[in-house]
Undergrad: 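This structure is in structure tokens; I'll ask about it shortly.
Every chain is numbered from 1 and lettered A, B, ... according to where its sequence line falls, protein lines coming before strand lines.
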Amino acid sequence: MPAPRSLRSLTLAFLLVFFLAVALTGFATYRATQRAIVELVDERIDALSDAVLSQTRPGDVAAIIGRINVITDERDTGNVGFMLTDAGGHWLGGNVRLARPLALGYSTLGRRDRITGLSAGRALVRDAGGGLTLTTIAETEPIDRENKARRRLYMLGFGSIVLIVLAGTALFGALVSRRIGEVRETARAIIDGDMQRRITVDPAGGAFAEQAATFNHMLDRIAELMRQISNVSNDIAHDMRTPLARLRGRLALIAARPDAAGLADEIGEAMDQCDALLAMFAATLRIAEVEGGDRRAGFASLDLGALVGEIGEMMTAVAAESGHELVLGRCAPVRIEGDRQLLSQALINLIENALRHTPPGATITLAVTRAETGAGAAAEIMVRDNGPGIAPGDRALALRRFGRLEPSRHNAGHGLGLPLVDAVARLHRGTLSLEDAAPGLRVTIRLPIAGG
Amino acid sequence: MNLLLVEDDDGYAATLAEELRALDHAVTVAPDGMTALQAIDREPFDAAILDRMLPHMDGTAILRRLRESGKTLPVVMLSALGRSAEKVEGLEAGADDYVVKPTPAAELEARLKALVRGRQWTSTGGGSGDTICVGDITVSPTRFRAWRGERPLDLVKLELQLLAELARNAGTVLTRAMLIERVWGYDFEPTTNIVDVQIRALRRKLMADGEDDPIVTVRGVGYMLRD
């Protein structure tokens with residue numbers, strides 16, 4: 001038999017072995033008790049038959065019957081019976097009659113022997129001399145239905161042991177799975193960007209506490225490494241921005257000089273390129289800030305429908321300037337916990353993207369709906385355009401940092417717009433998806449509604 | 001203005017100082033915190049531009065020392081980082097404004113001027129309560145109402161907030177970035193010209209009866225409401 005691998009099959013195997021052991025023990029105990037009773041009863045009927053035969057001469061029918069009567073009068077006869085038969089098996093006297101002949105020695109009696117008041121018993125058949133046989137009978141069940149009661153007692157006793165073990169196993173299982181669950185929750189929180197999350201360490205110690213402490217130690221180490229990396233990226237930002245700032249300043253000074261009048265356009269273009277680089281740094285740092293997850297601390301309840309409505313209204317005039325039409329679809333009032341600034345930025349980014357990548361005359365539609373999914377309620381922000389769209393194969397690239405689809409330099413944008421929106425969606429534990437709007441592109445931000 | 005620039009990068013400090021001097025300001029450059037504090041003790045500056053990341057003593061520490069010693073001059077903090085948490089930290093340390101490097105000299109000048117003007121500004125301006133009067137323009141932000149002369153203006157919320165901000169700072173140029181921060185309340189800058197579009201809409205409503213244009217466009221910098 002292969003060794004069980006999973007915790008569940010291990011538990012099942014353990015329970016099976018345990019049940020077998022309990023059943024065997026119960027059966028053995030029952031049998032031992034039964035045998036002890038039989039032995040006691042056998043001794044008793046032996047003594048009783050002695051009491052009859054030792055006082056009488058062998059073969060003396062009258063004396064034996066007289067003796068039987070004396071003894072049965074003396075005792076409580078409820079559970080003792082005598083029967084004297086001749087060589088032909090004919091009943092000569094006593095207080096019971098047996099329907100079947102018994103062999104010499106001990107036999108077991110049951111219900112089928114039809115003796116009034118006896119459901120189980122033992123019989124001793126002895127030679128009383130002169131062809132006579134004396135049968136002595138005693139009940140092995142002195143109280144009615146005792147056997148049944150005993151069986152019930154065993155069931156109760158062993159049953160409660162089984163129940164206790166079952167409950168214990170369940171409790172143990174729950175404890176283990178709670179610890180494992182806590183580790184899983186912590187890992188999830190870390191994946192979501194909450195590097196501060198740790199597992200509680202049981203002060204009483206134990207294997208779980210040790211494991212938790214080691215796990216926490218590992219997280220501390222990872223957090224430290226990430227902090228170092230973030231310091232490096234901050235340093236890069238600082239070290240690259242300052243010289244860029246210097247370069248931009250120098251260009252501005254040159255542009256202001258009277259002898260640079262003829263170069264104004266070229267200097268302006270160089271400054272624009274500086275600005276584009278700086279915007280790229282700003283976007284990179286912004287994504288890093290969002291991914292850090294610290295901004296979750298500032299989440300507040302807000303009406304997503306109202307927010308999208310406000311921004312849509314504001315962007316309508318902007319869209320009109322470039323010959324686009326911005327249509328505000330139904331913005332259902334949906335309350336979520338979120339960061340107003342980042343959600344605004346994400347939405348403005350999406351609208352700006354649509355304006356940039358669709359020809360004048362294109363229509364951009366905004367809507368907010370509340371969707372009930374299998375995983376609970378979610379708020380959905382949809383930005384749809386009827387422009388050229390993105391080919392299915394290119395959608396993954398569009399979400400990647402610096403993953404610009406059009407190599408054209410004049411098509412402004414640094415390829416960090418959608419990655420930022422994606423980071424904002426993930427900060428809110430939501431998703432960003434790009435779909436074919438046939439024609440055009442439909443971008444959906446799906447944000448879970450806490451407790452909804 | 002007489003300005004103190006605290007910046008450890010020589011090249012950037014020299015360029016920025018030169019740009020500011022070209023805009024007719026006196027600029028003293030200090031490369032670190034100690035030099036900066038000594039300079040402030042020695043000379044009354046109108047405002048200071050303080051780099052956030054400096055060797056030995058960082059920008060917020062200098063700022064705390066400055067505020068503890070009772071110096072109230074306006075301080076604009078300059079940072080290569082653009083995180084909102086750091087901005088909040090800078091403002092809490094006592095900075096009056098916080099900008100991300102490299103801010104064009106004109107933007108920096110506009111912010112400094114607004115701050116210096118703000119310090120001199122006494123609440124003797126026209127209007128009562130929350131009502132602001134500039135020329136023939138009256139804005140009441142809490143009542144969501146505005147008038148040009150006797151004519152009530154039909155403004156949407158954003159236009160009203162924009163007009164109120166311009167009116168509060170009448171005579172001072174507000175840059176696009178400043179308006180984005182103060183009117184929209186955003187901690188990021190959209191790439192589209194949402195400010196210009198909103199200004200155009202506001203202008204149309206202000207000039208609907210053929211009145212003159214009360215908003216001055218300062219090319220490459222921002223907008224100002226005539227006072």
Undergrad: Could you report the tightest heavy-atom contact between A:I348 and B:P190, atom names first, then the distance?
TA: CG2-CB, 3.9 Å

Undergrad: Listed by residue number, which members of residues 337-345 of chain A have a heavy atom under 4.5 Å from any heavy atom of chain B?
TA: A:Q341, A:S344, A:Q345

Undergrad: Measuring heavy-atom distances to chain B, does A:M315 have an atom under 4.5 Å in its side chain, in its backbone, in both, or in neither?
TA: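 Contact with chain B: side chain only.
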
Undergrad: Determine whether more than 12 heavy atoms belonging to other residues, nucleotides or ligands lie under 6.0 Å from atom NZ of B:K87.
TA: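 More than 12 within 6.0 Å, yes.
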
Undergrad: More than 12 heavy atoms of other residues, nucleotides or ligands under 6.0 Å from CZ of B:R143: is that the case?
TA: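 No, the 6.0 Å shell around CZ holds no more than 12 heavy atoms from other groups.
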
Undergrad: If you count the non-hydrogen atoms of other residues, nucleotides and ligands that lie under 6.0 Å from CZ in B:R148, is the total more than 12?
TA: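 Enclosed.
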
Undergrad: Taking everything shown except B:D10 itself, do over 12 heavy atoms lie less than 6.0 Å from its CG?
TA: no

Undergrad: Need one label for A:I311: side chain, backbone, both or neither, based on atoms under 4.5 Å from any heavy atom in chain B.
TA: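 Interface part for A:I311: side chain.
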
Undergrad: Quick one: does A:E352's side chain have a donor or acceptor within less than 3.5 Å of a partner on B:T192's backbone?
TA: yes

Undergrad: Does any backbone or side-chain atom of B:R200 lie under 4.5 Å from a heavy atom of chain A? Answer side chain, backbone, both or neither.
TA: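 Looking at B:R200, just its side chain touches chain A.
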
Undergrad: Nearest 0.5 angstrom please: B:T103 OG1 to A:R248 CZ, how far?
TA: 9.5 Å

Undergrad: Other residues, nucleotides and ligands only: do more than 12 of their heavy atoms fall within 6.0 Å of CZ on B:R182?
TA: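 Yes, the 6.0 Å shell around CZ holds more than 12 heavy atoms from other groups.
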
Undergrad: Can you name the ring pair (Phe, Tyr, Trp, His ring centres under 6.0 Å) partners of B:F188, sequence neighbours left out?
TA: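 Testing B:F188 for ring pair (Phe, Tyr, Trp, His ring centres under 6.0 Å), a comparison that skips the adjacent residues, returns B:Y186.
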
Undergrad: Is it the backbone or the side chain of B:E189 that comes under 4.5 Å from a heavy atom of chain A, or both, or neither?
TA: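 Neither part; nothing is under 4.5 Å.
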
Undergrad: Hey, which of B:L158, B:I194, B:D196 has the most heavy atom pairs under 4.5 Å with chain A?
TA: B:I194

Undergrad: Take atom CG of B:D213 as the centre, draw a 6.0 Å sphere, and report whether it contains more than 12 heavy atoms from other residues, nucleotides or ligands.
TA: yes

Undergrad: For A:A252 and B:E19, work out which heavy atoms get closest and say how close.
TA: CB-OE2, 3.5 Å

Undergrad: Using only non-hydrogen atoms and a strict under-4.5 angstrom cutoff, which residues of residues 316-324 of chain A touch chain B?
TA: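 Heavy-atom contacts from residues 316-324 of chain A to chain B are A:A317, A:V318, A:E321.
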
Undergrad: Could you tell me the separation between the CG atom of B:D187 and the CZ atom of A:R295, rounded to the nearest 0.5 Å?
TA: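 The CZ atom of A:R295 is 4.5 Å from CG of B:D187, to the nearest 0.5 Å.
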
Undergrad: What's the spacing between B:T191 OG1 and A:D275 CG if we round to 0.5 Å?
TA: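 Here the rounded value is 13.0 Å.
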
Undergrad: Please flag which part of A:R250 lies under 4.5 Å from any non-hydrogen atom of chain B: side chain, backbone, both or neither.
TA: both

Undergrad: Could you list the residues that satisfy ring pair (Phe, Tyr, Trp, His ring centres under 6.0 Å) with A:F299, not counting sequence neighbours?
TA: A:H428

